[in-house]
Amino acid sequence: MRRYLRIVVLCLACGFCSLLYAFSQLAVSLREGAQGGVGGGSGVGGGRGRGRGRSRLPAECKDFSLCYWNPYWMLPSDVCGMNCFWEAAFRYSLNVQPIQRMHLAVVACGERLEETVTMLKSAIIFSIRPLQFHIFAEDQLHDSFKGILDSWSFLQTFNYSLYPITFPSENAAEWKKLFKPCASQRLFLPLILKEVDSLLYVDTDILFLRPVDDIWSLLKKFNSTQIAAMAPEHEEPRIGWYNRFARHPYYGKTGVNSGVMLMNMTRMRRKYFKNDMTTVRLLWGDILMPLLKKYKLNITWGDQDLLNIIFFHNPESLFVFPCQWNYRPDHCIYGSNCQEAEAEGIFILHGNRGVYHDDKQPAFRAIYEALRNCSFKDDNIRSLLKPLELELQKTVHTYCGKIYKIFIKQLTKSIQDRYDRPPKER
């Protein structure tokens with residue numbers, strides 16, 4: 001008799017545990033269902049002005065003290081009964097982490113719409129984790145951006161926010177005309193996007209040839225003092241601009257190029273920067289205008305020169321990544337001088353000097369046109385390589401065209417990794 005009684009008790013215990021497990025799974029499914037309408041991979045969203053943030057979901061349980069020995073039907077109305085029931089039995093806090101998005105910012109003014117859209121497309125095509133775009137543009141471009149990006153909403157791999165061009169009111173005209181129209185907007189991103197921890201800023205003439213995830217992962221390589229990452233302006237000092245012509249301080253031997261700039265903006269907002277204007281260290285928001293006033297007659301490349309001056313005085317704050325992360329015509333126009341790109345291929349292509357739109361560097365233009373004309377269909381992306389290689393073979397009369405294989409080396413790998421492997425292996 002005792003044996004049968006033990007079996008009955010054991011069965012009841014197993015049934016009770018199974019019931020608790022079922023409740024917990026139901027709670028998880030309800031939570032995931034709610035998250036689908038809030039953020040992670042929910043497609044496209046955005047608006048003018050300040051970007052939309054993700055609303056925070058309520059926690060299933062306020063506190064153990066509210067629910068530990070209480071039956072779930074006696075709990076307050078703002079406490080999730082099923083999850084508290086599970087927690088009361090096992091004191092286990094169910095915590096589902098939201099997917100962390102990669103934040104990408106760009107500033108577009110004038111005739112830069114097509115270029116910017118092509119850059120965004122290249123980021124979407126190869127990236128794995130979802131993206132959050134922060135697009136700063138002149139008002140007349142907002143409707144065009146919105147129309148194009150909304151038409152991509154079926155991808156469900158990115159969100160976007162549109163912002164007006166904004167400078168400090170007392171010096172807005174001076175900042176706007178510095179170097180190129182609106183270019184200096186990037187200096188104020190840490191002050192505008194106050195809720196964003198880390199950010200990748202890129203110029204409009206950037207093309208991603210591998211996932212954004214890979215450059216984003218460099219944030220983990222920052223040491224405790226580093227706040228930003230950029231590539232050198234030149235690899236070969238004999239053709240360098242800063243070391244031959246600059247009339248102001250600059251970082252390292254040849255300066256840095258700000259067309260691709262990875263930032264830990266939380267650190268940037270907190271840091272007090274050394275400078276040559278006062279013995280007092282200044283916050284990011286306090287150093288920019290004094291710096292412009294002191295050097296405005298000596299700078300040529302606008303905001304990039306100001307960044308070089310800042311990191312000249314604060315070299316410990318900069319992480320320098322290799323030239324393949326910001327590959328420009330200067331790396332091949334007089335002969336190849338980016339060894340990392342020769343070994344592994346180009347990771348990010350930077351078509352400055354307008355090379356996407358003229359015939360001076362046809363290898364750069366061929367990559368741009370291939371990605372501009374490419375659709376998001378898998379077959380279209382897979383079939384991009386062969387005709388592109390044929391176009392690149394026509395450019396061998398140029399120095400950059402002679403090494404055309406480095407233009408498609410990483411691109412080929414990115415397409416194979418993203419689109420040719422079975423889903424479980426990606």
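Just so you know, these numbers use all the heavy atoms, side chains as well, and skip hydrogens, waters and symmetry mates. Quick note: residue numbers are just sequence positions, from 1.
One distance of note links NE2 of His103 with CE of Met265; it measures 8.5 Å at 0.5 Å rounding. Atom CG of residue Leu207 and atom CG of residue Leu371 lie 5.5 Å apart, to the nearest 0.5 angstrom. Distance check: Leu200 CG to Met102 CE gives 9.5 Å after rounding to the nearest 0.5 Å.
Ring geometry for Tyr163 versus Phe136: interplanar angle under 30°, hence parallel rather than tilted (30 to 60°). In this structure, Phe376 and Trp152 have perpendicular ring planes: the angle between them is above 60°, well past the 30° mark. Taking the six-membered ring for Trp and thresholds of 30 and 60 degrees, Trp241 and Phe245 have ring planes inclined between 30 and 60 degrees apart.
Cation-pi geometry between Arg382 and Tyr419 is not satisfied (NZ or CZ under 6.0 Å from the ring centre, within 45° of the ring normal).
Annotation: side chain to side chain donor-acceptor pair (under 3.5 Å) contacts of Ser383 (sequence neighbours excluded): none.
Exactly one residue among Asp205, Asp203, Asp358, Asp330 makes a salt bridge (charged side-chain N to carboxylate O under 4.0 Å, His left out) with Arg353. That residue is Asp330. With Phe319 as the partner, the ring-ring contact (aromatic ring centres under 6.0 Å, His included) test is satisfied by one option alone out of Tyr251, Phe222, Trp325: Phe222.
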Could you walk me through whether Thr266 and Asp197 pass the side chain to side chain donor-acceptor pair (under 3.5 Å) check?
-> CA-CA 5 Å; Thr266 299; Asp197 174 65; 2.4 Å; yes

Just do the side chain to side chain donor-acceptor pair (under 3.5 Å) check on Gln410 and Glu344 with the steps written out, would you?
-> CA-CA 7 Å; Gln410 180 59 49; Glu344 300 178 278; over 6 Å; no

Pair His331-Gln324, side chain to side chain donor-acceptor pair (under 3.5 Å): steps then yes or no | CA-CA 9 Å; His331 291 120; Gln324 68 210 92; over 6 Å; no

Dump the intermediate steps for side chain to side chain contact (heavy atoms under 4.5 Å, CB included) on Ser258 and Arg186, then the final yes or no.
-> CA-CA 9 Å; Ser258 60; Arg186 85 184 86 181; 2.7 Å; yes

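No hydrogens or angles considered: nothing links the side chains of Asp286 and Tyr272 as a donor-acceptor pair under 3.5 Å.
The pair Glu316-Lys271 meets the salt-bridge criterion, with a side-chain N (NZ, NE, NH1 or NH2) lying under 4.0 Å from an Asp/Glu carboxylate O.
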